[in-house]
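Here's the structure we're looking at; comments come further down.
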Amino acid sequence: LALVAPAPAPAIFSSATGGRNIRVQPLLQRWFAVLAPTAHRIFQEENELRVIAIVLALTAFCVRAAPFAYIPAFLGNTVTIIDTATQSIVATPAVGNGPAGVAISADGTRVFVPNKGSNDVTVMTATGTVLATIPVGAGPEAAAFDRASNRVYVTNGIDNTVSAIDAATLTVIATIPVGNFPRGIVVNPASTTSRVYVANFNDGTISVIDSSLAVSTTITLAGGSTPLGLALNPSGSLLLAADTNANTVDRFATATNTPAGSYFMAVSSGPTAVVVDHSGTHAYVTNSISNLVVGFDLTTNTQSFSRGF
């Protein structure tokens, strides 16, 4: 499952986890979209839930950059591009083998699609014209765009590395060793210098990559943890990690990379992705086993709602 919540801005805060992803996007209040590779519908939400978009796709996720939404089809080796104003499909460009993620440049003109099966990244225009194919490491799954450096960072789950791509030259400028089985990746939206967080699923750590294109810090979670989805609040001061094995969301202060406040927020079964809303006061977590979206008040550390799908 993947979830999209409202944001004011054009700013986009995101948490990418490969096939299961959450994004905070600017959409109309009180509306939500259900998007899948073969069905796209808009509905009005009748209550005051902050959740306004649910993307139902286990092998692909949606990313939105006005006026288009992008949904990679892992088995179809394509990306569906939807005009969000008309709710119509405008293009379905072919990409590499097993597209598993999407990242969009700051100006919205370039789209980067990591292809897990062909070990490369497809670069295309906003409307789907393929510009380049960039070889990366083995098993690329998730991608995140860094506005501060104009770079794209891609997790390579088999190689245990992250590829850093210069978005201007479309070349890999560094291959950065991280932990075991990197999955989710997120860029600090408030940092004026690059700061990238990578969830290493198999060894229970989070690698912090700085502007030198190297790991500057490794955050170690509690024993037995398997971090998957990551999210930051808009100020970049709080990092959240969806811990699939522990069924919790773990909180870290980015100033010190240490546990923050109530370290654990107990959620439902199989948390995979997490997002913080634009106010920085609420977080939302998708749970792949229980099929629930759980909301939390980050100020009081209490659950605000739980909804099944």
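Basis for what follows: all heavy atoms, side chains included, without hydrogens, waters or symmetry-related copies.
- Annotation: side chain to side chain donor-acceptor pair (under 3.5 Å) contacts of Ser163 (sequence neighbours excluded): Asn156.
- When the side chain to side chain contact (heavy atoms under 4.5 Å, CB included) test is applied to Thr125, the partners found at least two apart in sequence or on another chain are Thr127, Thr129, Leu131.
- Residue pairs meeting the salt bridge (charged side-chain N to carboxylate O under 4.0 Å, His left out) criterion with at least one member in residues 106-121, sequence neighbours excluded: Lys116-Glu141.
- Residues meeting the ring pair (Phe, Tyr, Trp, His ring centres under 6.0 Å) test with Tyr197, sequence neighbours left out: none.
- The side chain to side chain donor-acceptor pair (under 3.5 Å) check on Ser269 picks up nothing, with sequence neighbours excluded.
- Within the structure, every pair that satisfies the ring pair (Phe, Tyr, Trp, His ring centres under 6.0 Å) test and touches residues 225-259, not counting sequence neighbours, is listed here: Phe252-Tyr263.
- Side chain of Asn287 to backbone of Gly270: no donor-acceptor contact under 3.5 angstrom is found.
- Annotation: salt bridge (charged side-chain N to carboxylate O under 4.0 Å, His left out) contacts involving residues 149-177, sequence neighbours excluded, are absent.
- Residues in residues 215-227 take part in these side chain to side chain donor-acceptor pair (under 3.5 Å) pairs, two or more places apart or across chains: Ser225-Asp243.
- Legend: residues meeting side chain to side chain contact (heavy atoms under 4.5 Å, CB included) with Thr256, ordered by chain and number and at least two apart, are Ala253, Thr258.
- Not counting sequence neighbours, Ala94 has no partner by the side chain to side chain contact (heavy atoms under 4.5 Å, CB included) test.
- Asp250 pairs by the side chain to side chain donor-acceptor pair (under 3.5 Å) definition with Thr248, not counting sequence neighbours.
- Taking Thr192 as the reference, nothing meets the side chain to side chain donor-acceptor pair (under 3.5 Å) condition, with sequence neighbours excluded.
- In this structure, CD1 in Ile219 is found 5.5 Å from CG in Leu239, a value given to the nearest 0.5 Å.
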